[in-house]
S.K.: 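The structure that follows is given in the form of structure tokens.
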Amino acid sequence: ACGGNDAGGGAARDQIKAVGSSTVYPFAKAVSETFARSNPDFKSPIIESTGTGGGMKLFCAGIGPETPDISGASRRMKASEFADCQANGVTDIIEIQVGLDGIALASAQGGITMNLTPKMVYEALAASPYGGEQTNETWSDVDPSLPNQPILVYGPPSTSGTRDALKELILEAGCKSNEDMSALKESDEDRYDQICTEVRSDGRYVDQGEQDNLIVQKIEGNPNAVGIFGYSYLEENADKVQGLNMNGVAPTYENIASFEYPGARPLFIYVKKAHLDAIPGLKEFLGQWTQMWDRDGELAKIGLVANPEDVRERALSAATNYDTLDGSEL
Amino acid sequence: MSLTILLLLALGLGLAGWLAARARAWTFRRASPDGRLASLPTYHAWYVALWIVLPVLIFIAAWGAIAPGLVTQSVLSSPAADQLPAFGFQRQTILNEARAVATGAAQGVFNPLAREFVEPYREAISRYNWIGIITTLLIAFLGGVYSFLRLKPDFAARNRVEKIVMAILLAASLVAILTTLGIFVSLVFETIRFFGMVSPIDFLFGTHWGPDPMANPDNPDASRYGAVPLFWGTLFIGAIIAMIVAIPLGLMSAVYLTQYANPRVRAWVKPALEILAGVPTVVYGYFAALTIAPAIRDFAISIGISNASSESALAAGLIMGVMIIPFVSSMADDSIAAVPQAMRDGSLAMGATTNETIRRVLIPAALPGIVAGIMLAISRAIGETMIVVMAASTAANLSANPLDRMTTVTVQIVKMLTGEGSFDHPATLSAFALGFVLFLVTLGLNFIALRVVKRFREAYE
Amino acid sequence: MTVVHENLENTDAKMSARDVSVFYGDKKAIDNVSIDIPTEYVTAFIGPSGCGKSTFLRSLNRMNDTIPSARVEGTIMLDGEDIHSPSLDVVQLRARVGMVFQKPNPFPKSIYENIAYGPKIHGLAEGKDELDAVVEKSLRRAGLWEEVKDRLQDSGTALSGGQQQRLCIARAIAVDPEVILMDEPCSALDPIATAKIEELIDELNGRYAIVIVTHSMQQAARVSQRTAFFHLGKMVEYGRTSDIFTNPIEQRTQDYITGRYG
Amino acid sequence: MTVVHENLENTDAKMSARDVSVFYGDKKAIDNVSIDIPTEYVTAFIGPSGCGKSTFLRSLNRMNDTIPSARVEGTIMLDGEDIHSPSLDVVQLRARVGMVFQKPNPFPKSIYENIAYGPKIHGLAEGKDELDAVVEKSLRRAGLWEEVKDRLQDSGTALSGGQQQRLCIARAIAVDPEVILMDEPCSALDPIATAKIEELIDELNGRYAIVIVTHSMQQAARVSQRTAFFHLGKMVEYGRTSDIFTNPIEQRTQDYITGRYG
Amino acid sequence: MSEHIAPTRTPAFEARLKKRYAAEKRFKAIGLSAIVFSIAVLIYLLGSMTLNGIGGFQRAEVEVQIDFTQAGLSADPALMGTQEGVRSLESQGLPDVVDYFASESLGDEGAEEISGQAWRQVAAEIAADPGILERQATFWLPASADLASGYAGEGSQDMRELAAQLASEGKLEKNFDAGFFSRADATNPQEVGIWGALMGSILTMIVTLALAFPIGVLAALYLEEYAPKNKWTDLIELSINNLAAVPSIIFGLLGLAVFLTIFPSYRSAPLIGGMTLALMTMPVIVIAGRNAIKAVPPSIRDGALAIGASPVQVVFHHVLPLALPGILTGTIIGMARALGETAPLLMIGMRAFVASPPDSFTAPATVLPMQIFLWSDEIDRGFVERTSAAIIVLLLFLLLMNGLAIYLRNKFEKTW
Ligand SMILES: Nc1ncnc2c1ncn2[C@@H]1O[C@H](COP(=O)(O)OP(=O)(O)OP(=O)(O)O)[C@@H](O)[C@H]1O
Ligand SMILES: Nc1ncnc2c1ncn2[C@@H]1O[C@H](COP(=O)(O)OP(=O)(O)OP(=O)(O)O)[C@@H](O)[C@H]1O
Ligand SMILES: [Mg+2]
Ligand SMILES: [Mg+2]
């Protein structure tokens, strides 16, 4: 390309660009690879893992060749981000839920085994359980049915989507089982947020960056440690680590897909409708996604979980009819 | 495209000017009685070439900036312009598309309206291309003629060419200032935005760090934005533990290499040590996380510290120390070798042993260089992220216990910027504030270091 | 080969060299030199540039050891003891045979620290008081005390050239050596500073055995009682200074003295 | 203040200095010196170390410009033209007034390149043949041709000290200067090399105006016809070399000549 | 005189001397052990990397015999080697043919476990030698990631058994994977290659060098040779020293805020990466360059000035050539640092999955350290060895650069 033209903003692009969540990234890569293989006429798409927030910022910066066509997200787009998009001219956005990611609690093979509930996890990990002081040092302090072993949990950092899921699906669930807390949610939402979602920082919960592999290796080296990571890592390392039951349910594919195991969260991609005609191959690329997200498709192979039937229908429709997102839903 | 053509045109004209001026200078020279010109023919040639190329380049730069605007102006005056939506982003997008198609950079458009403008764009672009080319030729011609007419046997072409060379040199050294300014500018706005949400007092003096990027951005909990644990972690890991490893090892290596080792050994060992600095930090990170950190934990447990964790500031600091050994050793090596031989002779002639000479004379005399090396090493350690993430976790603890988990400023910057939080959230903006503070700190440190070194050097000379 | 004047008194030799040759790699820089350095007198080495004066001087306190390519053959004795014998340690040798260099080379430390350096590393003074006394005594002997007594904490490098050179002499004296070797100590100095140093050498004469290398015959004539003339690595002639300058025996000496070369 | 001997022939002055003072910062290194440098003779500057010989010499081709703290007052003329006037370019001045330094400083390039460098940058030779001729002529004049003609591509730094110094002289000659300034050109050389350089100066004498600084009175006596004696920044006495050495008028000159100091 | 015993000859002095020599020995030993320790760490790191990484240059492959005489495929020689040719083979059912013969050779279970893209390798071999289509041929095709990890003794029980069975039949082997050096990133560790990242690194380094070297050298020349000593040059010096010390991530923020604002469509491109790294490398070159320039003896400058060279000529004809070895050393050190840098590139989009090697400075790319970083967090375990292999490639690249520096230094080094 010629550098001189860029200042005018008129350079075009013949390559699909996707940004966004690191959770969607592996699947996006797989889709892009297959897409490139089966459509050699198109250049292979560029997939960049920027994190959901960073991706949204790039995505909503405007339309045109210099902005990405697709943004992956491990959470739904926020209203504020939608507004940002609108303000910058990104008016028609297609939202596609591509699958689910389950978060799983696990320990090393042969290590500690427990039958947990969200309430126990909340009490073990909260900075101040129910507003009181966190005094639990061992699992048996939390609940006598649990082993008398020190609490040590390796988990995702506050900036990651997995952590968001942990908060929303497990911690809050455990917290809300207390009636005072449900009441608090009505009266003082900030305080409720703080009590119910803040994780202890005294070293019993260790935030291991976004390096899920490292968490696996760390719990492998310490039989008393518990790791929290995406379900895919559990599956890939089934010979090294074992899932911990929650509410008596084991973290398996079926249980996550049926939402019996708490901790499944949806994964999305957002697509600019305006780019569909301008970027060569973008439509075909969306088609590729729909072909790979079935139960026995690539999605499951890399450890993510397929959408339930109804969601899949809706997603398929969005991906083929290009339905646009209604901001008021967010 | 057209700019490329203009650039080639400029260079071609410059070359022509160059050749013509050189030929002219040679005729002067043949004609002059002593065969001497005030300047060599090549300088005459360069003088003319620069007179042609520089104004043209300035014109091209300016043209590149204004021509698209002019093109757009003329397109807007076409009849189809009435259909354009009112001002705003949308309109710009349509025009951009039309231009992309007109220049052949894109095939399809995603706004049908844009098709209407393709033709006007094509016309306007070709019209302005011609204007650009003609102006370029004109400027080149004027510059060439003006400078060519000034050539005389006693014309001091060299002085003028050299003035331009000097200007280029000066410009090169200004890049550093521009970069500094650029860093300042790229950090300061977001930092101010951040401080609009979280007060600087809370940020600089608070002792709890735990921003929640998913929380409601409108009402951030300032008590979670206390950066003191980060600053402490940075200092503790990068400037204390790592330096406790790197300074003695680096300095002693340098001393051994300069004063004791056989020069042949030195020629091999010095570059070998420099490899340590080039090993990717991911590698060190794995090494620290999977080998050193567990070993430290096992050791701590074996001496009775039961709650030792398998991530620790110590593990990260130790490995970081190893990584920066070459920074200390290479700089120290150079500056010890640069101490005048007279100092060494003077001390040895007093009956000092080699180690007394090194410790009492050479190291003090080489101190400015050693300090500079250490400064570089510290800043490299402060800037390091991967090792810390992997070996010392990302938990912000304010603790003096090296076996605790800790984190550093740069780790948090990366974490906040690449996380899932949205970009108008104070948690994400805090990365800019952290970067800004870090930048000011290194600036301050360097200011002091420069002062110290300068004073030292003055005394020494 | 060397002409030694016969009218020399029979004095004790503080140092004596026998058949000393010095090589730099394969190059012979000093060729078979034998000489006795008496305690009572100042001995001057003169000769054209590159003739080996410095090389020979440096072999007297084994400073040539610091040059990897240098190699010394022959014997050099200090008080009858071979300076290369293992029983005489090189550190001790250098403490006993001090050296002052052509270019003043004070350490970049305070004046006080410059002088105290030697006594400290050799442990010659215990406690601050004793050290203070040594520093004062050395500076006094070097004729520098009055000039610097109020600024002992200033850097030694902040002094003028002549003062720096006297500081270096004081530094050498501070460890109470037996011999002081000076390699063109005034060549970097102006005439006034030179005069002060020469005065100082006169004063130190007798207390220490002094050897001075100089390219200035005038200086040799002024400060020394014995003169050795070197030429192309050989010692050509050795005798009383007055004799060498007025009645040189060798033709080469005479040519040099009268300015035929050099 | 300067004593100028009266029996000097009235010769053309190639260069003349009038009331020249040179300062390093606030320090006056040269104090009101006036002198005429004749074309026909070799002029020697002598005087004790630090008296300002080099400083004055360097102001004759404005090499002092390179020292930021140095400042020159008074006028210096070359062929009647003020060397500080804007119309006389400093680069051209230096091409007309060549300089040879105390320490031989050939460029680390081949012998050929060393000599050819000046003609190249000044455009004095067209084409390879002419350049070859200039190189040969300069080396011949410097008496070096026979020794190096077979190894013109060897590095200039691979020559012996004396050869290097002659190379530097050849390099200076190659740009066909009018004046050659030499600052102690032999002080780093052995007697044999020195003799060669002196021979060379004798040969060049007459073709170029030559000024030589030396610390060796013998050398001054051998090579020069005019001598100026400097002391503490002042020019004390100027006259025929034979007169200065045999009948100095000033007491200080006499003291210096007879070795009272220096 | 004789009654005065010099303090340097007393027994006390000699006793102290012993201690001083002991101290000397200790000091020397400490120095030596510092070096030995550092070198040992280096050797350990390099050694363990090599051991881990050697396997990364291999991949598990299965043996498939295809009898083309039965397959009825035809190849148009004119199309061979083009996309068209591959497509025509595909449409003639080559994938099915491969599948069929895989089942023949390996059994149904085994055939499941050859990589889905394996037929492309067959197609490539047909393109190279269309004559194959006339006969029976044996191919070694990449195994699936699962089978590969089963072969490595990991993964599920089934896979391990299958792998053991195939291996005992001699149909599953680890072979040197030359394609590792010619492919780009992929999702299957069996099919990844390092060439894309290497190419990205090379392109990025070229941009960095092309910008940082001239700017750095010119700035160093200006500061050392011409700059008057005043507040302005102090400021320049301060900012250069400071830039050498600023954490690299901040350069990433600069690149994001400045370069990507000016050139928004070149996100992930080596051009922007190189520009960002150039700003980071330039100060290192300036600092090293100034030291090298300072070391050129003033006598050389005087010599040139005295025959009438202008200051600019002095610098470009004499000072610069002599300072070059030192400048080169600094350049290589700076470039080595830039080569291993990830943090600033995270900010400007070089953390991307790029499945085809970049072909220009503006094509999206990733670089070696980033590839290592990305692979190290891959879910698939097959990436562990590949990561180590990539590290080895990076280290070799680094050694090559260091070697080049030493070579250039020795070549240009002149004595004076
Ligand atoms: N380190 C060295 N390596 C090789 N040769 C050397 C070394 N030092 C001196 N030389 C050579 O040894 C010879 C004697 O040198 P020395 O320095 O002793 O002479 P000098 O009489 O002191 O001269 P000057 O009056 O110039 O100081 C000279 O030819 C010199 O080039
Ligand atoms: N760059 C400088 N800055 C400050 N002072 C200087 C500088 N160069 C020389 N001087 C001083 O100027 C005076 C004259 O110095 P100069 O070098 O001209 O003496 P000289 O006669 O050449 O001596 P020598 O025979 O030792 O070469 C001396 O006092 C010297 O210290
Ligand atoms: Mg000497
Ligand atoms: Mg001088």
Side-chain angles (χ1 to χ4, degrees), chain B residues 158 162 165-166 168-170 172-177 179-180 182-183 186-187 248-249 252-253 255-257 260 269 271-283 287 322 325 334 353-355 375-376 379 382-383 385-386 410 413-414 417-418 432 435 438-439 442-443 445-447 450, chain E residues 20-21 23-24 27-28 30-32 34-35 37-39 41-42 45 49 215 218-219 221-223 226 235-250 253-254 257-258 279 282-283 291 310 312 333 336-337 339-340 343 346-347 369 372-373 376 391 394-395 398-399 402 406:
Chain B
R158 201 201 62 241
E162 287 183 349
V165 173
M166 292 296 274
I168 293 173
L169 292 186
L170 179 64
S173 62
L174 289 182
V175 170
I177 293 210
T179 310
T180 305
I183 290 179
S186 54
L187 294 175
L249 282 175
M252 287 308 295
S253 302
V255 161
Y256 189 86
L257 287 180
Y260 294 109
V269 171
L273 281 182
E274 279 162 8
I275 296 175
L276 276 178
V279 174
T281 53
V282 194
V283 177
F287 184 53
V322 170
I325 286 175
D334 288 346
T353 59
T354 312
N355 99 70
M375 281 296 302
L376 240 132
S379 37
I382 284 178
T385 50
M386 288 315 294
T410 49
I413 296 179
V414 176
L417 287 177
T418 60
F432 292 91
L438 207 55
F439 178 69
T442 56
L443 196 67
L445 279 179
N446 269 289
F447 186 70
L450 215 60
Chain E
R20 288 166 65 197
Y21 271 115
E24 171 82 19
F27 189 74
K28 198 171 162 179
I30 293 173
L32 187 60
I35 289 192
F37 175 80
S38 312
I39 297 288
V41 173
L42 181 68
L45 276 173
M49 277 310 119
I215 296 181
L218 294 180
L221 284 177
Y222 179 76
L223 291 176
Y226 304 117
L235 190 67
I236 296 178
E237 183 165 2
L238 175 65
S239 35
I240 286 179
N241 284 2
N242 183 45
L243 288 181
V246 166
S248 57
I249 179 86
I250 290 183
L253 293 177
L254 173 70
V258 176
L279 292 184
M282 188 258 310
N291 287 333
S310 70
V312 171
I333 290 177
R337 184 177 162 199
L339 177 67
L346 284 178
M347 301 286 102
I372 292 167
F373 174 70
S376 74
I391 290 172
L394 176 57
L395 285 178
L398 196 77
L399 287 179
N402 273 348
I406 295 169

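Below, each value reflects all heavy atoms present in this structure, side chains not excepted, and no hydrogens, waters or symmetry copies. Order of the sequence lines sets the chain letters (A, B, ...), proteins ahead of strands, with each chain counted from 1.
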S.K.: Can you tell which part of E:I391 gets under 4.5 Å to a heavy atom of chain B, answering side chain, backbone, both or neither?
M.R.: side chain
S.K.: From E:I35 CD1 over to B:L257 CG, what is the distance, rounded to the nearest 0.5 angstrom?
M.R.: 3.5 Å
S.K.: Between E:R20 and chain B, with a heavy-atom cut-off of 4.5 Å, which part of the residue counts as in contact: side chain, backbone, both or neither?
M.R.: both
S.K.: State, with a plain yes or no, whether a side-chain heavy atom of E:S38 is found less than 4.5 Å away from one of B:L276.
M.R.: yes
S.K.: Under a 4.5 Å cutoff for heavy-atom pairs, which residue among E:A23, E:A257, E:S239 has the most contacts with chain B?
M.R.: E:S239
S.K.: Which bit of B:F439 is near chain E, if near means a heavy-atom gap under 4.5 Å: side chain, backbone, both or neither?
M.R.: both
S.K.: Using non-hydrogen atoms only, which part of E:L339 is less than 4.5 Å away from chain B: side chain, backbone, both, or neither?
M.R.: neither
S.K.: Let's test your reading of the structure: which of B:T354, B:V322, B:L445, B:V175 forms the most heavy-atom pairs below 4.5 Å with chain E?
M.R.: B:T354
S.K.: Minimum heavy-atom separation for E:P247 and B:L438, please, with both atom names.
M.R.: CG-CD2, 3.4 Å
S.K.: Under a 4.5 Å cut-off applied to non-hydrogen side-chain atoms, are B:Y256 and E:F27 in contact?
M.R.: no
S.K.: CD1/E:I240 to OG1/B:T179 distance, rounded to the nearest 0.5 angstrom?
M.R.: 9.0 Å
S.K.: Decide yes or no on side-chain contact (heavy atoms from CB on, under 4.5 Å) for E:L243 and B:I183, but give the supporting numbers first.
M.R.: CA-CA 10 Å; E:L243 288 181; B:I183 290 179; 3.8 Å; yes
S.K.: Among E:P283, E:A343, E:G31, which has the most heavy-atom pairs under 4.5 Å with chain B?
M.R.: E:G31
S.K.: For the backbone of B:N446 and the side chain of E:N242, can you confirm whether one donor and one acceptor N or O come within less than 3.5 Å of each other?
M.R.: no
S.K.: Please flag which part of E:I236 lies under 4.5 Å from any non-hydrogen atom of chain B: side chain, backbone, both or neither.
M.R.: both
S.K.: Between atom OG of B:S186 and atom CE of E:M347, what is the distance when rounded to the nearest 0.5 Å?
M.R.: 12.0 Å
S.K.: Report which part of B:Y260 has an atom under 4.5 Å of a heavy atom belonging to chain E: side chain, backbone, both, or neither.
M.R.: side chain
S.K.: Under 4.5 Å heavy-atom distance to chain B, tell me which part of E:L398 shows up: side chain, backbone, both or neither.
M.R.: side chain
S.K.: Can you tell me if OH on E:Y226 sees more than 12 non-hydrogen neighbours from other groups inside 6.0 Å?
M.R.: yes
S.K.: Can you confirm whether E:L253 sits close enough to B:L187 that some side-chain heavy atom of one is under 4.5 Å from a side-chain heavy atom of the other?
M.R.: yes
S.K.: Between E:A34 and B:M252, what is the shortest heavy-atom contact and its length?
M.R.: CB-CB, 3.7 Å
S.K.: Name the member of E:I39, E:L279, E:L32, E:N241 that forms the most heavy-atom pairs with chain B at distances under 4.5 Å.
M.R.: E:L32
S.K.: Please classify the contact of B:L443 with chain E as side chain, backbone, both or neither, using a heavy-atom distance under 4.5 Å.
M.R.: both
S.K.: Surrounding OH of E:Y21 (heavy atoms of other residues, nucleotides or ligands, distance under 6.0 Å), is the total greater than 12?
M.R.: yes
S.K.: Determine the option with the most heavy-atom pairs under 4.5 angstrom with chain B, choosing from E:L42, E:I372, E:I249.
M.R.: E:L42
S.K.: When rounded to the nearest 0.5 angstrom, what is the spacing between CE in B:M166 and CG in E:L221?
M.R.: 10.5 Å
S.K.: Are side-chain heavy atoms of E:K28 and B:N355 found at a separation under 4.5 Å?
M.R.: no
S.K.: Look up atom OG in B:S253 and atom CD1 in E:I30, then write down how far apart they are to the nearest 0.5 Å.
M.R.: 12.0 Å
S.K.: Of the backbone (N, CA, C, O) and the side chain (C-beta and beyond), which part of B:L450 lies under 4.5 Å from a heavy atom of chain E, both, or neither?
M.R.: side chain
S.K.: Just so I know, are the side chains of B:D334 and E:N291 near enough to count as touching, which here means a heavy-atom distance under 4.5 Å?
M.R.: no
S.K.: May I ask you to name which of B:V269, B:T180, B:I325 has the most heavy-atom pairs under 4.5 Å with chain E?
M.R.: B:T180
